[in-house]
S.K.: 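Below: one structure in structure tokens.
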Amino acid sequence: MYRNATRSVKVPRTCRLYSTPAIPRPTRPSSKAVLLGTSFALATGTVVYIGQNTVFADSAAVFDSTVTTAAEDRKLREISVPNVSADGTLNSFVWGSNKSNTISPEDAKVDSFRLPSPVKWLQNIALRDLALHEGHAACIDARGNVYQWGDGFFGAGPSDLKGQEWAPKQTLQGKDIVQLQLTDSRVFALSASGHVYVLPSHAAAQDSLSKAQPSTSSSWWSLLGAQQEGGNYAEITANESLPWRERFVSISAGSDHLLALTSSGRVFTHPITKNANSHGQLGLRTFDIPSPSNSSPVSVELIPKALQDPYAKATPLSRPTSVSAESPSLHNIDDQQIRWCDKLFEVPSLKGIAIDQVAAGKRSSFVKTTNGRVLGWGANEYGQIGLGKDVTLEAITKPTEVILWRSVPKDVQSKCIGITAGGDLTVFTVERTDGSSMQTVDVLTCGNGQWGGIGNALYRSAQNEPARAKNVSGLIEFSEQTQNLQPIVPHAISISPSPAGHIVLALDTQNGPGGSGRDLLLWGANYDWQLGNGKRSSLATPTRLTRPDGSRFILAKAKAREVRDLEGKVWKRGVEVEQMAVAGWGNSVVYWRVS
Ligand SMILES: *[C@@H]1O[C@H](CO)[C@@H](O)[C@H](O)[C@H]1NC(C)=O
Ligand SMILES: *[C@@H]1O[C@H](CO)[C@@H](O)[C@H](O)[C@H]1NC(C)=O
Ligand SMILES: *[C@@H]1O[C@H](CO)[C@@H](O)[C@H](O)[C@H]1NC(C)=O
Ligand SMILES: *[C@@H]1O[C@H](CO)[C@@H](O)[C@H](O)[C@H]1NC(C)=O
């Protein structure tokens, strides 16, 4: 009972067929010859990948041999809960490190979860966004309010946390927030109307901000009206006011800089700290900040280290006399306080180029043009800008084009359809078309592959040339609707902000033959069980996540019986929701998002 293709389809050499129909197949094609024949069979309740000479069928998950005690068995059953329970309860899952109480602020004394485990605090909750950092975390509930939690936020070790103090705390309300970005010291929140807000990542810093009395008119920021609004946050605005109808539509934060995109395709940048331009990632060197003491702004210059001290790597003897680390005007500036710089500045070299996506790695920046080209700049010591093996500069201080078609024949057109950056890793999703046959999609990665983050089966500390990640590139499936083969496109990719990064990718098999949902593939560092496979060894190849019973871990869409806000109040009933996966700092979360 399997389907034969009605006509011959040319399958590109590099493609793999990915299929999920309902009936188990009695036989399997065992070589490329079958695929290239005029008919081919589609498979089974489990996924089958057909490689050039191999068929990878599912095997049950293999767990760490230490998971054998009765208690662990019970745990295994417990974590086999479905994505939506029979009574309609929405379940969310976490795995990996809970060191800072970020993924499971509720259960006492669980420092890590080896396998995807349901958490009560997210039951029946659907969010707009969720982000995890090393010591703190934040999310936006269905109403658009921001909550923060984690030891780094509350400022207490687990032993000091009593009663309900762990609970996510509402820190920004009534602003209709749609997107969050976290850094060590800040939370950035973008509102539906295009305003960018910043909050400290520490509760204590928020308290002291709220309490601080704006002394007199000599205090510059009392003039900005921040105080009337509650004071635990600030708004950052465009340096030159945006034309009517232009607004910020997306933000992306590195460790010390923030990129923001406007609805007209302009790119702005914001220094989060004085380190914002250490590798030229800011895309701009001089800007004004408010003066702490008087009303006239102070001009500051952030010079990339590579330009400031080209001899930094040389032996001390051959170095000229020491170069001062920062410009004199910065000495008395405290960049720990969120209002030290209150502006977003347009990146001068990108003026006039239509951009539709921005992405920041830890110290790197990327933009995608509306026609699918990519420019990158910033730190490149692991090759994370992706400029190829001939470019070994540690810092790229000007936006530079990333070539994503070196590995394909000349007649193949390449178009970038998405950039994801995080830590020292970058992922480009690239559509390939060769005119005659079908489109395919490649996932290209570069940067620090020491923990396998490149996904090309190699552990390599620097990857300068974007490499094709295995198992997620060149996948095709048979579409019932079009009666033809079509590419499988990643629906969402999340890269851990941690230096030892891992990547979580959801494959959009939603529209495929199974129509069942999205497969989750993970790879990279696994020291804290962040890959959810019950083991601690890193994976250099994207690998599908399975449930304890061996079935695929599928991200679902559902119509929720009810969705609650984080206060526990019912927000709406009968809402469309979908599961999203996020890579945190040594951990991962699958939550429900209001779609
Ligand atoms: C999760 O949801 C999908 C799609 O709704 C469904 O096919 C799948 O069986 C569910 N899996 C589990 C284990 O709940
Ligand atoms: C992780 O989980 C719980 C809270 O949910 C917490 O009480 C526990 O102490 C956490 N962290 C560690 C290191 O165990
Ligand atoms: C900020 O705006 C001022 C006033 O319009 C302008 O002179 C200055 O060049 C701008 N700064 C940057 C870095 O764009
Ligand atoms: C991905 O690649 C690895 C190694 O080649 C393989 O073992 C695995 O089964 C592949 N497929 C999936 C879906 O993980």
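Both counts, for ligands and for their atoms, begin at 1 and track the order of listing. Position 1 is the first residue of the sequence, and the numbers go up from there.
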S.K.: Does Thr541 reach ligand 4 with a nitrogen or oxygen that is under 3.5 Å from one of the ligand's nitrogen or oxygen atoms?
M.R.: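 N/O-N/O distance under 3.5 Å: no.
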S.K.: Do Ser364 and His279 pair up side chain to side chain, a donor and an acceptor below 3.5 Å, judged on atom types alone?
M.R.: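 On atom types as modelled, these side chains do not qualify, holding no pair under 3.5 Å.
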S.K.: Applying a heavy-atom cut-off of 4.0 Å, say which part of Asn471 lies close to ligand 4: side chain, backbone, both or neither.
M.R.: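 Side chain only; the backbone of Asn471 stays clear of ligand 4.
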S.K.: Using the ring of each side chain (for Trp, its six-membered ring), is Phe428 parallel, tilted or perpendicular to Phe366, with breaks at 30° and 60°?
M.R.: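 Ring orientation, 0 to 90° scale: perpendicular.
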S.K.: Cation over ring, Arg536 on Trp529, under 6.0 Å and within 45°?
M.R.: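 Arg536 over Trp529 ring: yes.
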S.K.: Need the ligand 4 atom indices (1-based, order shown) with element for anything under 4.0 Å from a heavy-atom of Thr543.
M.R.: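 Those of ligand 4 that fall under 4.0 Å from Thr543 are 14 (O).
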S.K.: Any non-hydrogen protein atom below 4.0 Å of atom 9 (O) of ligand 3?
M.R.: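 Flag for atom 9 (O) of ligand 3 set to false, no protein heavy atom closer than 4.0 Å.
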S.K.: Report yes or no: does a heavy atom of Ala457 sit under 4.0 Å from some atom of ligand 4?
M.R.: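 It does not, in that no heavy atom of Ala457 comes within the 4.0 Å cut-off of ligand 4.
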S.K.: Taking the six-membered ring for Trp, are the ring centroids of Phe93 and Phe553 within less than 6.0 Å of each other?
M.R.: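 Aromatic pair counts; centres sit under 6.0 Å.
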S.K.: Give me the residue, atom name and distance of the protein heavy atom closest to atom 2 (O) of ligand 3.
M.R.: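 Checked against all protein heavy atoms, atom 2 (O) of ligand 3 sits closest to Asn239 ND2, 2.3 Å.
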S.K.: Heavy atoms only, cut-off 4.0 Å: how does Thr286 contact ligand 3, side chain, backbone, both, or neither?
M.R.: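 Thr286 to ligand 3: backbone contact only, side chain stays beyond 4.0 Å.
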S.K.: How about Glu246 and Thr262: does a side-chain donor come under 3.5 Å of a side-chain acceptor?
M.R.: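 Per modelled atom types, Glu246 and Thr262 side chains form a pair under 3.5 Å.
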S.K.: State plainly whether the residues Lys368 and Asp356 are in salt-bridge range, i.e. N to O under 4.0 Å.
M.R.: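 A salt bridge is present here (some side-chain N lies under 4.0 Å from a carboxylate O).
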S.K.: Please determine, by modelled atom types, if Asp528 and Asn587 share a side-chain donor-acceptor pair under 3.5 angstrom.
M.R.: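 Per modelled atom types, Asp528 and Asn587 side chains form no pair under 3.5 Å.
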S.K.: Using a strict 4.0 Å cut-off to heavy atoms of Pro542, name the atoms of ligand 4 that fall inside it.
M.R.: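 Here the atoms of ligand 4 in question are 1 (C), 14 (O).
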S.K.: Return the residue, atom name and 0.1 Å-rounded distance of the protein heavy atom closest to atom 5 (O) of ligand 3.
M.R.: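 Residue, atom and distance for the closest contact: Glu240 CG, 3.4 Å.
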